[in-house]
Protein chains: 2
Amino acid sequence: MTAYTPSETSRRSGFSIDTLRYYERIGLLSEVDRTPGGQRVFTDDDLGWLGMLRCLRDTGMPINQMCRFAELSRSGDQTIADRVELLRAHAEAVEEQMALLEKQYGHLRDKIRYYERELSGQR
Amino acid sequence: MTAYTPSETSRRSGFSIDTLRYYERIGLLSEVDRTPGGQRVFTDDDLGWLGMLRCLRDTGMPINQMCRFAELSRSGDQTIADRVELLRAHAEAVEEQMALLEKQYGHLRDKIRYYERELSGQR
DNA sequence: CTGGCACCTGGAGCGCGCTCCAGGTCAAGC
DNA sequence: GCTTGACCTGGAGCGCGCTCCAGGTGCCAG
């Protein structure tokens with residue numbers, strides 16, 4: 001099990017050090033290991049979990065839902081069904097998000113094409 | 001040219017009345033017509049423009065870029081090239097956004113599948 | 001003419017997700 | 001042992017995009 005400094009962890013996870021501390025504070029990251037002197041030491045497990053968090057954040061899950069998910073994850077195997085449910089609901093939201101995004105992207109492309117015609121017809 | 005009340009416009013555009021006022025204030029919506037008594041009267045043109053704004057917002061364009069676009073749009077035909085450039089840059093950003101979203105959506109689905117296997121292997 | 005609801009203005013406030021700060025401590029290289 | 005840079009804590013602050021509020025006016029149905 002490799003150990004990582006905060007800055008290394010930040011580099012690998014893409015979260016700033018401040019954000020890592022913030023996540024620990026609000027319970028998204030459960031009690032990170034420390035050196036005798038009190039500096040954080042992250043593990044591969046932490047990095048894996050941070051990858052999960054990155055996935056959820058990038059797909060737009062709000063922090064408080066992530067906290068709920070983190071809490072479930074800390075509470076043992078009998079919460080797996082709840083976790084699946086939460087993730088499935090989120091996946092559905094993401095599907096809607098992608099559909100909307102693609103639709104509006106289409107409109108955007110139309111607009112661009114329209115302007116391009118204006119531009120070429122102009123001179 | 002049909003005329004629309006604020007609430008009708010809100011209903012049709014999906015922006016709240018407060019947001020419509022806010023957009024006018026910051027120059028996203030150029031001077032909306034008024035009744036003699038000072039109440040706003042929106043036109044079909046306004047609704048069309050609001051559709052454009054809706055498209056840009058839904059695809060994540062920040063407000064200040066939208067303001068720049070609005071300003072260009074108000075400044076006549078010689079800004080069309082600039083507008084195209086702005087929209088094209090935005091379209092590229094949207095493509096990246098969609099790519100990331102799809103990638104993370106894939107991870108999310110993987111996670112769900114993983115948990116489902118845990119669940120079925122459990123009892 | 002009046003009641004009542006929609007709308008007006010300017011400005012304050014809010015929720016989110018960080019980000020920054022002051023003032024101090026830790027730890028690795030010379 | 002000392003320096004120096006990374007890290008610590010608790011708490012304040014921030015940027016975004018609205019949203020709400022007080023106190024007042026407009027407009028239309030009955």
Side-chain angles (χ1 to χ4, degrees), chain A residues 3-29 31-43 46-47 49-50 52-71 90 93 97 100-101 104, chain B residues 3-43 46 49-50 52-71 90 93 97 100-101 104:
Chain A
Y4 304 96
T5 64
S7 57
E8 181 69 8
T9 309
S10 165
R11 211 181 50 69
R12 286 180 185 249
S13 67
F15 294 113
S16 77
I17 296 188
D18 266 321
T19 298
L20 292 174
R21 286 197 276 254
Y22 167 64
Y23 279 3
E24 187 180 4
R25 199 151 64 211
I26 64 176
L28 266 186
L29 224 49
E31 290 299 278
V32 176
D33 289 351
R34 303 298 182 115
T35 62
Q39 322 250 134
R40 287 179 183 76
V41 178
F42 294 86
T43 65
D46 290 327
L47 274 177
W49 176 247
L50 285 170
M52 181 82 214
L53 295 185
R54 165 63 59 208
C55 167
L56 297 179
R57 278 307 288 132
D58 282 353
T59 49
M61 182 180 283
I63 293 280
N64 59 68
Q65 246 179 87
M66 288 170 58
C67 286
R68 166 134 180 74
F69 182 72
E71 203 184 328
H90 178 58
Q97 198 191 147
L100 176 62
L101 198 52
Q104 298 292 35
Chain B
Y4 305 96
T5 64
S7 58
E8 181 69 9
T9 309
S10 166
R11 211 182 50 71
R12 286 180 185 248
S13 67
F15 293 113
S16 76
I17 296 188
D18 267 321
T19 299
L20 292 174
R21 287 198 275 256
Y22 167 66
Y23 279 4
E24 186 179 3
R25 200 152 64 211
I26 65 176
L28 266 186
L29 224 49
S30 51
E31 289 300 278
V32 176
D33 289 351
R34 302 299 180 113
T35 63
Q39 321 250 134
R40 287 179 183 76
V41 178
F42 294 86
T43 65
D46 290 327
W49 177 247
L50 285 170
M52 181 83 215
L53 295 185
R54 165 65 56 210
C55 167
L56 297 179
R57 278 309 288 130
D58 282 352
T59 50
M61 181 181 283
I63 292 280
N64 59 65
Q65 246 180 85
M66 287 171 60
C67 285
R68 165 133 183 75
F69 182 72
E71 203 185 328
H90 179 57
Q97 200 190 146
L100 175 61
L101 198 53
Q104 299 292 37

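Residue numbering restarts at 1 for every chain, and letters A, B, ... go by the order of the sequence lines.
- Between the C1' atom of D:dT9 and the CG atom of A:Leu20 lies a distance of 16 Å, rounded to the nearest Å.
- For B:Asp18 and A:Ser7, each mapped to the nucleotide of DNA chain D holding its nearest heavy atom, the one lying further toward the 5' end belongs to A:Ser7.
- The pair A:Glu24-A:Arg21 does not meet the salt-bridge criterion, since no charged nitrogen lies less than 4.0 angstrom from a carboxylate oxygen.
- One can place CD of A:Gln65 at 15 Å from C1' of C:dG17, the figure rounded to the nearest angstrom.
- Among the atoms of the strands shown, only primed sugar atoms or phosphate atoms (P, OP1, OP2) are found under 4.0 Å from some heavy atom of A:Tyr23.
- Atom CD of B:Glu8 is separated from atom P of C:dC5 by 20 Å (rounded to the nearest Å).
- When the side-chain nitrogen and oxygen atoms of B:Arg57 are compared with OP1 and OP2 of D:dC18, one or more of them lie within a distance under 4.0 Å.
- Taking every side-chain heavy atom of B:Tyr22 into account, D:dG17 is the closest of D:dG17, C:dA27, C:dC18.
- Here B:Arg40 reaches the OP1 or OP2 of C:dT9: one of its side-chain N or O atoms lies under 4.0 Å away.
- Between B:Ile26 atom CD1 and C:dG11 atom C1' there is a gap of 16 Å when expressed in whole angstrom units.
- Side-chain proximity of A:Arg34 to the nucleotides D:dT9, C:dT25, C:dC8 is greatest for D:dT9.
- The interatomic distance linking B:Arg11 (CZ) with C:dA6 (P) rounds to 14 Å, in whole Å.
- For A:Ile17, counting side-chain heavy atoms from C-beta on, the closest listed nucleotide (D:dC16, D:dC8, D:dC18) is D:dC8.
- When the nearest nucleotides of DNA chain C are assigned to B:Glu24 and A:Asn64 by heavy-atom distance, the more 5′-ward of the two goes with B:Glu24.
- In this structure, CG of A:Leu29 is placed 13 Å from P of C:dC18, rounded to the nearest angstrom.
- At whole-Å resolution of the value, CZ in A:Phe42 and P in D:dA6 are 16 Å apart.
- Considering only heavy atoms from C-beta on, B:Arg40 comes within 4.5 Å of B:Arg34 through its side chain.
- Projected onto DNA chain D by closest heavy-atom contact, A:Thr5 and B:Met61 fall at different nucleotides, the more 5' of which corresponds to A:Thr5.
- Under the 30°/60° scheme for interplanar angles, the aromatic rings of A:Trp49 and A:Phe69 are found to lie parallel.
- Base contact: A:Arg21 has a heavy atom under 4.0 Å from a base atom.
- A:Arg68 CZ: 12 or fewer foreign heavy atoms inside a 6.0 Å radius.
- To the nearest angstrom, C1' of C:dT19 lies 14 Å from CD1 of A:Ile63.
- A:Thr43 places no side-chain N or O within donor-acceptor distance of the main-chain N or O of A:Ala3, the cut-off being under 3.5 Å.
- Each of D:dC8, D:dG11, D:dT19 was ranked by its minimum atom distance to the side chain of A:Arg25; first place goes to D:dG11.
- Using a 4.5 Å heavy-atom threshold, the side chains of B:Thr59 and A:Leu101 count as touching.
- A sub-4.0 Å separation between OP1 or OP2 of C:dT19 and a side-chain N or O of A:Ser16 is present.
- Looking at heavy-atom distances under 4.0 Å, B:Pro62 makes contact with sugar-phosphate atoms alone, never a base.
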